[in-house]
Participant: 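Please see the structure below; I have some questions.
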Amino acid sequence: MISLTSTDPSQLDVDALVVGVHVQGTSVVPVGADWLPAELTRQITQDGARLGITGAVDEVRRLPGTGLKAATLVVTGLGDGPVDATTPAGAELLRRASGAATRELTGLASVALALPATDREAVAAVAEGALIGAYVFDRYHAQDAPVGRVEIVTPLAKDKATQAVLARAEVVAAAVHGTRDLVNAAPNDLYPAAFADVAKAAVKAADARSLKVTVLDEKALAAGGYGGIVGVGQGSARPPRLVKVAYSPSKAKGHVALVGKGITFDSGGISIKPAAGMEAMKSDMAGAAAVLHTVVAAARLGLPVAVTGWLCLAENMPSGTAQRPSDVVTIRGGTTVEVLNTDAEGRLVMADGLVAAVEEKPDLVVDIATLTGAQVVALGHRVSAVMGTDEARAEVVDAAHGAGEQFWPMPLPADLKVGLKSKVADLANIGDRFGGMLTAGIFLQHFVGSTPWAHLDVAGPAFNERTAFGYTPVGGTGVGVRTLLRLLEQRAS
C-alpha cells in the first residue's frame, strides 16, 4: 500500500524514515531535511565517513532514529548530481534512491520516504522506484515480506493530479512485478501451456471488457502454418503455444503490436548449450512476459491506443523428435528457413509472431526478446539494444530515456544479409559469428516488410545474475515494461 502525506517527517510513526543524502565536496549532506534533529544531521555530515556513509547512488545506511518517532533513520544516496525530477536523469536518481531503500527494508511494516518530492514528477519517480524496489519472490521458500506500507512526504499530498500519478505508479509496478514473477518461475512450473493460463488469468484479473485473449495450441499452430514455433517446440513433451492478448479501446488513436519471445526453457536443443549457466535459461521468456504485462497495464490505465500482444511460447529441448541442424521449416507466410543451429531458436518463433502481427496492419510493431548472447558482449548486462526502422528505433530510445531504462540504438548493416543466405532455403537461421546481434535483427527484419518496426534485444538486462542494485533485484528485472508502456502513453497523448 502506498500513500501521500504532508505530516512533519519527524512526527511520522513508522518503522523507518528515509532521507536522501548528497555528496558535496568531501562531505555528505541531507537533501531537503531541515526538520532532522541536530544530532542526526551532525552524524550524517560530520561522522559520515566513520559511519560508512558516502552518498553514492544505490547506497543505503541505517541509523538510530534519535529524536524521531521513527525507530530507524535510513539514508539513501543521491550521488553528486542535482535532483531535478523534471529531467530524466534527475527522476532516475530519485527512482533509484527510493527503490534501493525499499529493497533493503524488507520485513518492515511501514516506511516513510522524505525525499525531495515537491513536484508531481518527483512524486512519480519516488513512488515508482519505491514500489518497484519493494519486490520479493517467495514462491518456493519463505523470505522477509516486502515493505507493507509506504508513505511519501510531499506538500502535494491532497492534490488530485498527484494522486493520479500515484495510481499510475501502482499499475507500472504491478506490471514489472508480474513480469519478474514469470521470469523467476521454475521451468517445470512455467511451460507454454502454463504461460497461456497465466495470460488468461491476468486478463481476467484486469476485469477490462476491452481485453481479450486467444490461445493457439500445437494443432492450430500447425494448421496455421506457424512452422517456426512448431519446429522449436517439437522436441519437448510440452507443446508450444501462440497467445494473442488484444486491448481494443473505443476510439483508439492507433494500433501498436508487441511481439515477445517466450522460450520457457532454452537447452539449445540438439545444438545443446554448455551446462554452466544453463539454469538462467528459464529467463528466455522475459520478452513475452514483458509484452503480456504491458498490454494488461495499458488496459488498466485506459490508454486510448489499441495494443495487441503476441506471446511466442515454446520449450526448446533435445529429444528424438527435436528439430535437427539442416532441417528446413516454413514460417507463416511461406518463407523457408534452414536451421543451421537449433540454439538460434528465438528468431524462428519471433518470425512467426511478427508475420501474424503485421497481418493485422498495425501502425507500429515492437518486438522484445532475450535474443542473442552477442548483445551481452556488445553492451553488457545493463544496457539493452534497439534496432529497426529509423523513426521507430528513435521512438523507443526516447521512451526508454524518459522511463529510466537504458536502450542503445544499433544499426542493421545491409552487408550482413549475405551471411543469412542458404543453399536450400530462403534464409539460414544464423550468419557470421561476428555482429551476431545485428545479424539476428536483420533476420527478423525480413518478416516485417515495410511496417514501422523496432527490435529490442534484452538478453543481458532481463535477468540479473549478479548483485542487486537500485530497484533491481537478483533474478528477473522486468526490463522493457516501463519503456513499452511509456511508448504507448506517448502514442496515446
Participant: Cation-pi between R96 and Y471: NZ/CZ under 6.0 Å from ring centre and within 45° of the ring axis?
Facilitator: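 Negative - R96 is either too far from the ring of Y471 or too far off its axis.
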Participant: Hey, is E104 close enough to R61 for a salt bridge, meaning N to O under 4.0 Å?
Facilitator: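 Salt bridge: no.
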Participant: With distance as the sole test, does H177 use its side chain to make a donor-acceptor pair with the main-chain N or O of L131 at under 3.5 Å?
Facilitator: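 Yes, because the side chain of H177 sits within donor-acceptor range (under 3.5 Å) of the backbone of L131.
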Participant: What heavy-atom pair brings A122 and L94 nearest, and what distance separates the two atoms?
Facilitator: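 The pair with the smallest heavy-atom distance is CB-CD1, 3.8 Å.
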Participant: Given side-chain contact (heavy atoms from CB on, under 4.5 Å), test L348 with Q323 step by step and report yes or no.
Facilitator: CA-CA 12 Å; L348 299 177; Q323 67 179 359; 3.7 Å; yes
Participant: Would you call D217 and R241 a salt bridge, using N to O less than 4.0 angstrom?
Facilitator: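 Looking at D217 and R241, the cut-off is not met.
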Participant: What heavy-atom pair brings P461 and T477 nearest, and what distance separates the two atoms?
Facilitator: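 Looking at all heavy atoms of both residues, the shortest contact is O-OG1, 2.7 Å.
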Participant: Quick one: does any side-chain atom of R238 pair with a main-chain N or O of Y191 as donor and acceptor, under 3.5 Å?
Facilitator: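 No.
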Participant: Mark yes when over 12 heavy atoms from residues, nucleotides or ligands other than D415 sit less than 6.0 Å from its CG; otherwise mark no.
Facilitator: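 Yes, because the 6.0 Å sphere around CG of D415 holds more than 12 heavy atoms from other groups.
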Participant: How far does OG1 of T342 sit from CD1 of I272, to the nearest 0.5 angstrom?
Facilitator: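 Result: 9.0 Å between the selected atoms.
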Participant: For R332, does its backbone N or O pair with a side-chain atom of D352 as donor and acceptor, under 3.5 Å?
Facilitator: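 A pair under 3.5 Å: yes.
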Participant: Please check: side-chain N/O of T179 versus main-chain N/O of G478, any donor-acceptor pairing under 3.5 Å?
Facilitator: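 Judged by distance alone, no pair lies under 3.5 Å.
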Participant: Assess whether side-chain hydrogen bond (donor to acceptor under 3.5 Å, both in side chains) is satisfied between Y140 and N184, documenting all intermediate values.
Facilitator: CA-CA 10 Å; Y140 301 111; N184 288 330; over 6 Å; no
Participant: Please check this pair: side chain of T451 against backbone of V448, looking for a donor-acceptor N/O pair closer than 3.5 Å.
Facilitator: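 Judged by distance alone, yes, a pair lies under 3.5 Å.
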Participant: Minimum heavy-atom separation for D266 to M278, with atom names?
Facilitator: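 Residues D266 and M278, closest heavy atoms: O-CG, 4.3 Å.
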Participant: Is atom CD of Q490 surrounded by more than 12 heavy atoms (other residues, nucleotides or ligands) closer than 6.0 Å?
Facilitator: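 Yes, enclosed.
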Participant: For W310, run the side-chain contact (heavy atoms from CB on, under 4.5 Å) check against V355, D367, L242, V243 and tell me which one passes.
Facilitator: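 Between W310 and the candidates, side-chain contact (heavy atoms from CB on, under 4.5 Å) is satisfied uniquely by L242.
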Participant: Are side-chain N/O atoms of E59 and T54 paired as donor and acceptor at under 3.5 Å?
Facilitator: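 Yes, T54 and E59 have a side-chain donor paired with an acceptor closer than 3.5 Å.
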Participant: Could R139 and D189 be called an ion pair, given the rule that one side-chain N must be under 4.0 Å from one carboxylate O?
Facilitator: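 Salt bridge flag = yes for D189 with R139.
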Participant: Which class fits the ring pair W453 and H455: parallel under 30°, tilted 30 to 60°, perpendicular over 60°?
Facilitator: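 Correct class here is parallel.
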Participant: Within 45 degrees of the axis of the six-membered ring of F469 and under 6.0 Å from its centre: does R382 put its NZ or CZ there?
Facilitator: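 Flagged: R382 positioned over aromatic ring of F469.
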Participant: Would you confirm whether R482, through its side chain, and V172, through its main-chain N or O, come within 3.5 Å as a donor-acceptor pair?
Facilitator: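 Such a contact is absent between R482 side chain and V172 backbone.
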Participant: For S319 and G235, indicate whether the former's side chain and the latter's backbone hold a donor-acceptor pair under 3.5 Å.
Facilitator: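 Present.
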Participant: Rounded at 0.5 Å granularity, tell me how far CD in Q375 sits from OG in S384.
Facilitator: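 So the gap between those two atoms works out to 6.0 Å.
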Participant: What's the verdict on side-chain contact (heavy atoms from CB on, under 4.5 Å) for I2 and E170, showing C-alpha distance, side-chain angles and the deciding distance?
Facilitator: CA-CA 8 Å; I2 190 165; E170 290 182 296; 3.6 Å; yes
Participant: Do the non-hydrogen side-chain atoms of R180 and I132 ever get within less than 4.5 Å of each other?
Facilitator: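 Yes - at least one pair of side-chain heavy atoms lies under 4.5 Å apart.
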Participant: Looking at P318 and I270, what are the two nearest heavy atoms and their distance?
Facilitator: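 Distance-wise, the nearest heavy atoms are CB-N, 4.1 Å.
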Participant: State the CD1-CG distance between I229 and L216, to the nearest 0.5 angstrom.
Facilitator: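 Going from the CD1 atom of I229 to the CG atom of L216 covers 8.0 Å.
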Participant: Measuring from L371:CG to E345:CD, what's the distance to the nearest 0.5 Å?
Facilitator: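 The CD atom of E345 is 8.0 Å from CG of L371, to the nearest 0.5 Å.
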Participant: Hey, what do you get for OH (Y247) to OG1 (T308), rounding to the nearest 0.5 Å?
Facilitator: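 One finds 11.5 Å between OH of Y247 and OG1 of T308.
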Participant: Output the distance between atom CG (L412) and atom NZ (K417), rounded to the nearest 0.5 Å.
Facilitator: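 That separation rounds to 8.5 Å.
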Participant: L487 and E489: side-chain contact (heavy atoms from CB on, under 4.5 Å), yes or no, with the steps?
Facilitator: CA-CA 5 Å; L487 182 149; E489 289 174 318; over 6 Å; no
Participant: Checking side-chain contact (heavy atoms from CB on, under 4.5 Å) against T76, which of D58, L115, L113 comes through?
Facilitator: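 Among D58, L115, L113, the one meeting side-chain contact (heavy atoms from CB on, under 4.5 Å) with T76 is L115.
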Participant: So does T467 get a backbone contact from the side chain of N464, meaning a donor-acceptor N/O pair under 3.5 Å?
Facilitator: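 Checked: pair present.
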Participant: List in chain and number order the residues that pass salt bridge (Lys or Arg N to Asp or Glu O under 4.0 Å) with R103, two or more places apart in sequence or in another chain; answer none if no residue qualifies.
Facilitator: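 Checked R103 against salt bridge (Lys or Arg N to Asp or Glu O under 4.0 Å); zero matches.
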Participant: Verify, without hydrogens or angle tests, whether T87 (side chain) and G90 (backbone) share a donor-acceptor contact under 3.5 angstrom.
Facilitator: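 Yes, because the side chain of T87 sits within donor-acceptor range (under 3.5 Å) of the backbone of G90.
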Participant: Is there a side-chain contact between E128 and R168 in this structure, where contact means two heavy atoms from C-beta onward sitting under 4.5 Å apart?
Facilitator: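 A side-chain contact under 4.5 Å exists here.
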Participant: Within a reach of under 6.0 Å around NE2 of H401, are more than 12 heavy atoms found that belong to other residues, nucleotides or ligands?
Facilitator: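 At most 12 heavy atoms, drawn from other residues, nucleotides or ligands, come within 6.0 Å of this atom.
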Participant: Is a side-chain donor-acceptor pair under 3.5 Å present for D284 with T370?
Facilitator: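 Side chains of T370 and D284: pair found under 3.5 Å.
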Participant: Could you tell me whether R95 and E405 make a salt bridge, using a distance below 4.0 angstrom between a side-chain N and a carboxylate O?
Facilitator: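 Salt bridge: no.
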Participant: If you look at every heavy atom in I368 and A290, which pair is closest and at what distance?
Facilitator: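 Distance-wise, the nearest heavy atoms are CD1-CB, 4.2 Å.
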Participant: What's the verdict on side-chain contact (heavy atoms from CB on, under 4.5 Å) for V147 and T106, showing C-alpha distance, side-chain angles and the deciding distance?
Facilitator: CA-CA 5 Å; V147 172; T106 55; 6.0 Å; no
Participant: Answer with yes or no whether the side chains of N316 and S267 bring together a donor and an acceptor at under 3.5 Å.
Facilitator: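 The criterion, which ignores hydrogens and geometry beyond distance, is not satisfied for N316 and S267.
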Participant: Any side-chain donor-acceptor pair under 3.5 Å between T336 and D426?
Facilitator: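 The answer is yes; a qualifying pair exists.
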Participant: Can you see which heavy atom on A492 is nearest to which on V305, and at what distance?
Facilitator: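 Scanning both residues, the minimum pair turns out to be CB-CG1, 4.2 Å.
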Participant: Tell me whether Q234 contacts the main-chain N or O of T321 through its side chain, where contact means a donor paired with an acceptor under 3.5 Å.
Facilitator: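 Judged by distance alone, yes, a pair lies under 3.5 Å.
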